[in-house]
Student: 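A single structure is presented below for examination.
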Amino acid sequence: MQTNNNSNQAEPMGTAPFISPRAEISPNAKIGKNCRIFPFVYIEDDVEIGDNCIIFPFVSILSGTRMGRNNKVHQGSVLAALPQDFNFRGEKSELVIGDNNIIRENVVINRATHNGCQTVIGNNNFLMEGAHISHDTKVGNGCVFGYGTKIAGDCIIGDNVIFSSSVIENAGTRVGRGTMIQAGTTFSKDVPPYIVVGGTPVVYHGVNNTIGRVHGTDEKVLKHIANAYRLVFNGQTSVLEACRQIEEQVPDSEEIRNIVEFIRSSEAGIITRM
């Protein structure tokens with residue numbers, strides 16, 4: 001590992017990356033076009049960074065990172081940190097980050113535990129200060145992680161999920177697309193799509209109509225989603241029986257099919273009824 005010499009700073013901005021001579025970057029790392037890498041950045045050997053990324057001071061990008069285009073990584077963040085998993089034995093694994101993500105100050109994202117496995121962050125996500133995404137977790141697109149939110153290992157998070165501040169998602173759980181988790185919530189069961197949840201214990205607080213409308217969900221479909229969840233959370237049957245009732249009583253749509261599939265495939269069980 002060697003500190004870059006001054007010749008890097010003189011490179012034109014047209015296509016070549018602008019790398020501070022005070023950044024420490026392995027010569028084996030692959031840096032895309034038009035990147036800006038500020039002083040005191042540390043980048044290890046097995047790293048790939050796509051075009052047009054901005055890496056602010058004091059960021060550490062460790063071996064196993066595969067980053068796409070147009071990402072911004074702010075001060076103090078650590079990417080592909082070793083997994084905090086007692087099963088980790090030093091195997092080669094990856095952290096895969098898509099395009100157009102904003103990673104704010106002091107965010108930590110762990111790479112996966114086992115050989116050939118990946119932690120995945122999709123596209124257009126916003127990780128606020130102090131968020132932590134643990135090993136082998138898979139994050140979709142367009143999600144927001146509020147201040148100090150902690151996601152444990154082996155979680156699955158769908159598209160357009162919003163975590164408010166100081167949320168804790170425990171290991172091996174899932175959050176369905178378009179859902180909002182209220183501030184200070186800790187949960188250890190799956191959270192189905194298109195809803196708002198929170199409290200201690202975490203419970204259903206209604207359909208996330210705001211996000212649904214932002215993403216163009218028809219008003220009739222939003223009402224159908226609400227009817228489906230009345231059967232799930234207010235009914236006097238099992239959730240699997242509620243799924244059967246949804247299929248029989250609620251008009252079909254992609255959203256309704258997603259709800260039923262999510263609940264039926266849950267291994268951890270879904271959150272508490274109201």
Side-chain angles (χ1 to χ4, degrees), residues 98-101 120-126 137-146 149 151 154-164 167 169-170 172-274:
D99 302 333
N100 306 309
N101 295 287
V120 177
I121 309 294
N123 305 319
N124 302 301
N125 297 293
F126 191 164
T137 284
K138 307 292 190 292
V139 176
N141 304 315
C143 297
V144 176
F145 296 83
T149 286
I151 310 298
D154 297 294
C155 293
I156 299 175
I157 298 166
D159 296 343
N160 305 314
V161 173
I162 298 176
F163 293 85
S164 193
V167 172
E169 178 177 358
N170 286 321
T173 55
R174 302 180 300 156
V175 180
R177 65 184 67 180
T179 280
M180 178 176 180
I181 315 293
Q182 294 177 334
T185 298
T186 298
F187 61 99
S188 301
K189 292 184 178 295
D190 292 349
V191 180
Y194 316 120
I195 63 176
V196 177
V197 303
T200 305
V202 58
V203 295
Y204 169 70
H205 287 303
V207 176
N208 192 359
N209 290 320
T210 300
I211 292 299
R213 291 180 182 122
V214 166
H215 293 282
T217 305
D218 186 89
E219 290 294 329
K220 288 184 179 179
V221 174
L222 291 173
K223 291 179 182 179
H224 297 160
I225 293 171
N227 289 334
Y229 280 120
R230 287 189 189 98
L231 294 170
V232 172
F233 291 112
N234 296 340
Q236 302 302 313
T237 64
S238 69
V239 292
L240 294 180
E241 175 61 19
C243 288
R244 187 187 66 79
Q245 293 177 356
I246 290 169
E247 290 177 322
E248 291 180 350
Q249 300 175 27
V250 180
D252 182 59
S253 66
E254 179 184 354
E255 289 81 1
I256 297 303
R257 292 192 297 273
N258 287 338
I259 291 168
V260 171
E261 190 280 330
F262 186 98
I263 293 172
R264 282 180 170 158
S265 63
S266 176
E267 296 181 0
I270 66 169
I271 60 162
T272 308
R273 300 181 180 205
M274 294 178 67

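For this chain, numbers begin at 1 and follow the sequence in order.
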Student: Just by distance, do the side chain of Arg174 and the backbone of Ala268 share a donor-acceptor pair under 3.5 Å?
Tutor: no
Student: Without swapping roles, check the side chain of Asn123 against the backbone of Asp99 for a donor-acceptor pair under 3.5 Å.
Tutor: yes
Student: Testing the basics here: between Phe262 and Pro192, what is the closest heavy-atom pair and its distance to 0.1 Å?
Tutor: CE2-CA, 3.5 Å
Student: If you look at every heavy atom in Asn258 and Arg177, which pair is closest and at what distance?
Tutor: ND2-NH1, 3.5 Å
Student: Is there side-chain contact between Phe187 and Val167, with at least one heavy-atom pair below 4.5 Å?
Tutor: yes
Student: To the nearest 0.5 Å, what is the distance between CD1 (Ile246) and CD (Glu241)?
Tutor: 10.5 Å
Student: How many angstroms lie between atom CG of Asp190 and atom CD1 of Ile271, to the nearest 0.5 angstrom?
Tutor: 10.0 Å
Student: Would you mind reporting whether Val250 and Leu231 have side-chain heavy atoms less than 4.5 Å apart?
Tutor: yes
Student: Heavy atoms only: give me the nearest Cys243-Ile263 pair and the separation to one decimal.
Tutor: SG-CG2, 3.6 Å
Student: So, Thr179 side chain and Tyr194 main chain: donor-acceptor pair closer than 3.5 Å or not?
Tutor: yes
Student: Do Arg264 and Leu240 have side-chain heavy atoms sitting under 4.5 Å apart?
Tutor: yes
Student: Please answer whether the main-chain N or O of Gly184 pairs with a side-chain N or O of Ser164 as donor and acceptor at a distance below 3.5 Å.
Tutor: no
Student: Nearest heavy-atom pair of His205 and Val197: which atoms, and what distance?
Tutor: CD2-C, 3.8 Å
Student: Which heavy atom of Gly158 sits nearest to which heavy atom of Val161, and what is that distance?
Tutor: O-CG2, 3.4 Å
Student: Taking C-beta and beyond as the side chain, do Ile256 and His224 meet within less than 4.5 Å on heavy atoms?
Tutor: yes
Student: Measure the CD-OG1 distance between Glu255 and Thr217 for me, rounded to the nearest 0.5 Å.
Tutor: 5.0 Å
Student: Roughly how far, to the nearest 0.5 Å, is the OG1 atom of Thr210 from the CG atom of Leu222?
Tutor: 9.5 Å
Student: Going by the angle between their ring planes, with limits at 30° and 60°, are Tyr204 and Tyr229 parallel, tilted or perpendicular?
Tutor: tilted
Student: If the threshold is 4.0 Å, N to carboxylate O, is there a salt bridge linking Glu248 and Arg244?
Tutor: yes
Student: Using a distance-only test with no angle check, is there a side-chain donor-acceptor pair under 3.5 angstrom linking Asn125 and Asn101?
Tutor: yes
Student: Please indicate whether Glu267 has more than 12 foreign heavy atoms, meaning atoms of other residues, nucleotides or ligands, lying under 6.0 Å from its CD.
Tutor: no
Student: For the pair Val232 and Ile270, evaluate side-chain contact (heavy atoms from CB on, under 4.5 Å) and give the outcome as yes or no after the intermediate values.
Tutor: CA-CA 10 Å; Val232 172; Ile270 66 169; 3.8 Å; yes
Student: Tell me whether Arg257 is salt-bridged to Glu247, with the criterion being a basic N under 4.0 Å from an acidic carboxylate O.
Tutor: no
Student: Return the minimal non-hydrogen interatomic distance between Gly172 and Cys155, and the atom names on each side.
Tutor: N-SG, 3.8 Å
Student: Rounded to the nearest 0.5 Å, how far apart are CD1 of Ile259 and OG of Ser253?
Tutor: 7.5 Å
Student: What's the spacing between Glu169 CD and Ile157 CD1 if we round to 0.5 Å?
Tutor: 4.5 Å
